Every structure is written in structure tokens, then in C-alpha cells.
Amino acid sequence: MQQIAGLDAVVLARRLIGARLTVRGAGGTIIETEAYAPDDPASHSHRGPTPRNASMFGPAGHAYVYRSYGIHLCLNVVATPGAAVLIRALDPDTGLDLMRARRPAPPLCSGPGRLTQALDIRPDDDGAAFDGPDFGIVLAAAVPDLLVGPRIGISRAQDLPWRFGLAGAAGLSRPFPRARPDR
DNA sequence: CGCTGGATGGTCT
DNA sequence: GACCATCCAGCGC
């Protein structure tokens with residue numbers, strides 16, 4: 001995808017807030033992301049390429065899909081080699097019936113595991129292009145007000161403020177500690 | 001509200 | 001054998 005190719009993971013994580021994500025006819029507005037960098041101890045790419053994280057070292061603008069806690073899948077957008085952005089929450093507005101059928105109990109898309117279930121992300125989506133037939137991303141026309149905070153659910157590099165949210169959005173996976181918008 | 005523990009499986013030490 | 005980029009139900013306040 002031309003607009004996001006080559007962007008640093010932190011820059012991309014910020015730019016994806018407010019963007020529109022669609023997967024096979026379902027989707028909505030991205031309201032929460034996290035950045036993972038190559039030299040980042042919390043990143044799967046930290047120790048170099050492996051079979052699991054191979055797509056993190058593949059083309060930018062493609063998906064990195066991995067299984068989390070043996071149960072859930074998580075969806076990332078590859079940034080630079082070894083760097084990716086985790087999509088943590090969506091404000092769903094398209095294909096709501098599809099999503100509700102896949103996830104009977106709300107919330108639909110508040111959390112990385114929940115949104116992959118609602119969007120019917122599958123393990124073989126790993127490596128798929130976001131400008132391909134199944135996935136689409138359209139960046140926001142204007143830069144929205146962002147919330148910034150530490151990443152969720154990690155045990156290392158907990159101090160890095162690499163979690164981003166859309167200010168005022170309902171449906172964040174968790175509140176941001178910091179009350180004030182970043183800009 | 002908050003906290004705790006179980007589910008569940010691949011990856012890495 | 002340990003460790004998770006998670007979610008949910010159950011319990012106590």
C-alpha cells in the first residue's frame with residue numbers, strides 16, 4: 001500500500017488512528033493501535049526472523065497474523081522490516097450483521113482478539129496485502145486528536161508510550177491512563 | 001467496580 | 001517446561 005509503505009511503526013501506528021479498515025465486507029474505523037519495533041524487547045521480531053514472524057520481515061503494508069494465548073488471533077500491519085502495528089480496536093460500522101453472527105456477545109471490536117473474531121480473520125490471512133481483494137485500509141483525511149499511553153499486556157518495555165487511541169472514541173479496549181489528548 | 005484463574009497451543013529456552 | 005501483543009466467567013466488595 002503506497003501511502004503507508006516504509007513508515008516507521010510509531011508513525012504508522014499514529015497515522016492508522018481514524019483510518020478505515022475493511023475485511024471481506026466488514027469493518028469500521030480504527031480507534032486503537034500499538035507499535036512494535038525491531039529492536040523492541042516486546043516485539044515478536046526482537047530475536048530475528050522465525051517461521052512464525054516471517055511476515056513481519058516481508059513487504060510493508062501486508063498483514064502479520066499470529067495466534068495469541070493459543071486461542072485468539074491478532075492482526076498487525078507490517079511497517080518497516082521487523083516492525084508492525086497491532087490493531088487493538090475498531091469502531092465497527094460495516095457488515096454489522098456478519099460481525100454479530102461471528103461474535104454474538106458484544107463488544108464486537110474492542111480488543112485485538114475480539115476484532116479478529118468479528119472480522120473473521122484466519123491464520124492463512126498471515127501475509128495478505130492490505131491493498132488486495134480481501135483487505136482494505138483508507139487513511140483518515142485529517143489527523144485526529146490522539147490519546148497516548150503504554151502498551152497493554154506486555155511484560156517488557158512497559159514504559160514505552162507506543163499505544164495510541166482516538167480521542168473521545170467509545171469502544172477502546174481499555175481506558176488510557178493519561179486524560180489529555182496528545183495534540 | 002476490581003481481582004483471580006482457566007482455556008488452549010505454538011514458540012522458545 | 002515456561003511464557004505469552006487475550007478473553008471471559010466467577011467471586012468479593
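Order of the sequence lines sets the chain letters (A, B, ...), proteins ahead of strands, with each chain counted from 1. All figures in this text were calculated on a predicted structure; none of them were measured in a lab.
Shown here are the side-chain contact (heavy atoms from CB on, under 4.5 Å) partners of A83(A), two or more places apart in sequence or in another chain: A9(A), P38(A), A79(A), T80(A). Residues meeting the ring-ring contact (aromatic ring centres under 6.0 Å, His included) test with F57(A), sequence neighbours left out: none.
Screening N76(A), L146(A), I87(A) against T33(A) for a side-chain contact (heavy atoms from CB on, under 4.5 Å) leaves a single residue, I87(A).
Between L166(A) and P144(A), the shortest heavy-atom contact is CD1-CB, 3.5 Å.
Side-chain contact of S55(A) with D126(A): a donor-acceptor pair under 3.5 Å is present, judged by distance alone. Counted by atom type alone, R102(A) and Q117(A) present zero donor-acceptor pairs between their side chains at under 3.5 Å. Between the side chains of Y36(A) and H46(A), no donor-acceptor pair of N or O atoms lies under 3.5 Å.
In this structure, I154(A) reaches the sugar-phosphate backbone alone: every heavy-atom distance under 4.0 Å involves primed, P, OP1 or OP2 atoms, never a base.
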Pick out the pairs of N or O atoms, protein on one side and nucleotides 9-13 of chain B on the other, that lie under 3.5 Å.
| unit_1 | atom_1 | unit_2 | atom_2 | d |
| --- | --- | --- | --- | --- |
| dC12(B) | OP1 | T50(A) | OG1 | 3.1 |

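Protein chain A contacts DNA chain C over a range whose 5' and 3' limits, counting nucleotides with an atom under 4.0 angstrom from a non-hydrogen atom, are dC4(C) to dC8(C).
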Pair S173(A)-R114(A), side-chain hydrogen bond (donor to acceptor under 3.5 Å, both in side chains): steps then yes or no: CA-CA 10 Å; S173(A) 69; R114(A) 292 170 177 151; over 6 Å; no
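Electrostatic pairing of R151(A) and D40(A) counts as a salt bridge here, judged by a charged N lying under 4.0 Å from a carboxylate O. R24(A) has a carboxylate O that lies under 4.0 Å from a charged side-chain N of D125(A), or vice versa, which qualifies the two as a salt bridge.
Listed by first residue number, the stems of DNA chain C with at least three Watson-Crick or G-U pairs below 3.5 Å are B:1-7 with C:6-12, B:9-12 with C:1-4.
With a 6.0 Å radius and a threshold of 12 heavy atoms from other residues, nucleotides or ligands, R174(A) has its CZ atom at or below the threshold.
Taking the nucleotide of DNA chain C with the nearest heavy atom to each of R114(A) and S45(A), the more 5' of the two is matched to S45(A). Take the nearest nucleotide of DNA chain C for Y36(A) and for P106(A): the residue whose nucleotide is more 5' is Y36(A).
For H62(A) and F130(A), the ring centers are positioned 6.0 Å apart or more.
The shortest distance between side-chain heavy atoms of Y64(A) and N53(A) falls below 4.5 Å.
A heavy atom closer than 4.0 Å to some atom of DNA chain C occurs in R103(A), these being the qualifying members of residues 94-105 of chain A.
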